[in-house]
Amino acid sequence: MTDHVRIGVLGAAMIAPTAVIRPARSSTVAEVVAVAARSADRAQAFADKHGIARVHGSYEDLLADPAVDAVYNPLPNGLHGKWTLAALEAGKHVLCEKPFTANAAEASEVAAAASASGLVVMEAFHYRYHPLAVRVAEIMSSGVLGPLRHVEATVAFPLPRFSDIRYDYSLAGGAMMDAGCYAVHMARLLGGEEPQVKSAKALLRGPSIDRAMRASLRFPSGHTGSVHASLWSSTVLKLSMKAIGENGTLSVLNPLGPQILHRLSLRLKDKKSVETFGKRPTYAYQLDAFTDAVLHGKPFPTTADDAVRNMTVIDSIYRAAGLPLRRPTP
């Protein structure tokens, strides 16, 4: 590997075409060369549909493939840690879907392995690589809002298909894991510090599965925060984040999919500005960042260490809501 990154996909996941396969087609330095699935037939059908040359009947076989430099891991939440560790053991770089692992303890184990390996391990918070999120980070670090008072993030969308793996506790499912990991990440981006969880309340789909979650946060500097995640609740669809300071307010509509509909509004006393950005997908920017890290050692924000911090907040929210932490899938 000198001038491009050959990627293997672990699992025939629905997100894979959007996350890596289509972005790779427009990249000059990335190529999806292989796929593995739970069965060879499933992998072959996926490969035929998406034009992938190499097919493996097991994840182990893909990791042993010398033609694969890096893996994209979109497996169920409870399997993220296990197969990221296996990929590192096989000498592969990893782009791992969010949430990074089942809980913070497992995230710490993966982060330690990533550090020891010297390989790139990126959590796939694709929104963070789009110019919209880059601009948000720039505004927050500039101090233009003045001392912060409150930050909030909401990621809510309808998923009434209750057989979906995101409602399966054995696969580390739950609204806080799926939608909530984004909301927590955004609140941390806006808040600028690692928050404490003051309270949390869940709406349940089953004894241990949250279909929605609200949590209140407090940051070390004194400002407060709130996160709201939902897969099924009265908040049918809302994707937003907001930061309120003494000098003004930053509001973002649809930070997750700026190529569809988005808006950044900055209100400072008697002045208001609105910004929009191009339609290039967030996932294309993410793939650029991943390949830049692999090929050129370029730093990136959604590191394994950052994932540990995000999972720590998620664990605290589950505890505050009186729910068990998610566990890795055997």
Side-chain angles (χ1 to χ4, degrees), residues 98 122-123 125-156 179-198 214-229 235 238-286 288-289 292-293 298-303 305-307 309-310 312-314 317:
K98 33 56 57 188
M122 175 185 286
E123 186 174 16
F125 276 118
H126 58 100
Y127 88 96
R128 185 62 181 83
Y129 294 94
H130 193 275
L132 171 59
V134 174
R135 176 65 175 140
V136 168
E138 179 184 80
I139 290 170
M140 297 310 301
S141 63
S142 73
V144 68
L145 295 180
L148 283 177
R149 294 175 177 171
H150 184 74
V151 302
E152 58 188 56
T154 297
V155 178
C181 68
Y182 279 114
V184 168
H185 203 265
M186 292 173 188
R188 292 176 52 239
L189 172 63
L190 296 175
E193 301 170 324
E194 301 308 317
Q196 289 185 328
V197 176
K198 305 305 292 183
R214 291 184 182 272
S216 297
L217 313 174
R218 180 171 292 278
F219 293 82
S221 294
H223 49 288
T224 59
S226 63
V227 295
H228 180 202
T235 306
K238 185 177 181 181
L239 306 171
S240 66
M241 57 180 176
K242 179 185 288 188
I244 302 168
E246 289 187 8
N247 298 336
T249 300
L250 168 68
S251 302
V252 179
L253 172 68
N254 191 19
L256 290 184
Q259 69 271 28
I260 301 170
L261 172 65
H262 67 277
R263 185 177 68 246
L264 183 157
S265 301
L266 181 62
R267 186 185 296 274
L268 299 172
K269 296 185 178 179
D270 59 348
K271 181 173 66 175
K272 180 181 179 180
S273 61
V274 176
E275 301 176 38
T276 59
F277 301 80
K279 293 185 177 181
R280 187 171 188 247
T282 52
Y283 292 100
Y285 288 100
Q286 177 178 259
D288 287 349
D292 278 346
K298 186 173 179 179
F300 56 93
T302 62
T303 62
D305 288 339
D306 180 73
R309 294 189 286 271
N310 213 61
T312 297
V313 178
I314 292 171
I317 289 173

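By convention here, the first residue in the shown sequence is residue 1. Since the model is a prediction, treat every value here as computed from it, not as a measurement.
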Close side-chain approach of [X] and [Y], heavy atoms under 4.5 Å:
{"X": "Asn310", "Y": "Cys181", "answer": "yes"}
{"X": "Tyr127", "Y": "Leu189", "answer": "yes"}
{"X": "Leu190", "Y": "Met140", "answer": "yes"}
{"X": "Arg214", "Y": "Thr235", "answer": "yes"}
{"X": "Ser251", "Y": "Arg263", "answer": "no"}
{"X": "Ile244", "Y": "Lys242", "answer": "yes"}
{"X": "Leu145", "Y": "Leu268", "answer": "yes"}
{"X": "Val313", "Y": "Val227", "answer": "no"}

For Gln196, I'd like to know if atom CD has over 12 heavy atoms of other residues, nucleotides or ligands within 6.0 Å. no
From [atom1] ([X]) to [atom2] ([Y]), nearest 0.5 Å:
{"X": "Met241", "Y": "Glu152", "atom1": "CE", "atom2": "CD", "result": "11.5 Å"}
{"X": "Thr249", "Y": "Lys269", "atom1": "OG1", "atom2": "NZ", "result": "12.5 Å"}
{"X": "Arg309", "Y": "His185", "atom1": "CZ", "atom2": "NE2", "result": "9.0 Å"}
{"X": "Leu253", "Y": "Leu132", "atom1": "CG", "atom2": "CG", "result": "9.5 Å"}
{"X": "Met122", "Y": "Gln286", "atom1": "CE", "atom2": "CD", "result": "6.5 Å"}
{"X": "Glu275", "Y": "Arg135", "atom1": "CD", "atom2": "CZ", "result": "4.5 Å"}

Between [X] and [Y], which heavy-atom pair has the shortest distance, and what is it?
{"X": "Leu256", "Y": "Met186", "answer": "CD2-CE, 3.4 Å"}
{"X": "Ser240", "Y": "Lys238", "answer": "OG-CE, 3.4 Å"}
{"X": "Leu217", "Y": "Ala187", "answer": "CD1-CB, 4.1 Å"}
{"X": "Gly191", "Y": "Phe219", "answer": "CA-CE2, 3.7 Å"}
{"X": "Val151", "Y": "Leu148", "answer": "CG1-CD1, 4.3 Å"}
{"X": "Ala153", "Y": "Ala183", "answer": "CB-O, 3.4 Å"}

Between Asp288 and Arg280, does any side-chain N to carboxylate O distance fall below 4.0 Å? yes
Is the backbone N or O of [Y] less than 3.5 Å from a side-chain atom of [X], with the two atoms forming a donor-acceptor pair by type?
{"X": "His262", "Y": "Phe277", "answer": "yes"}
{"X": "Tyr182", "Y": "Leu239", "answer": "no"}
{"X": "Arg218", "Y": "Gly222", "answer": "yes"}

Criterion side chain to side chain contact (heavy atoms under 4.5 Å, CB included) on Tyr129 and Thr302, from CA distance to verdict: CA-CA 9 Å; Tyr129 294 94; Thr302 62; 2.6 Å; yes
Tell me yes or no: between the side chains of Tyr285 and His130, is some donor less than 3.5 Å from an acceptor? no
side-chain contact (heavy atoms from CB on, under 4.5 Å) with Ile139: of Val134, Val144, Val252, only one passes, and it is Val144
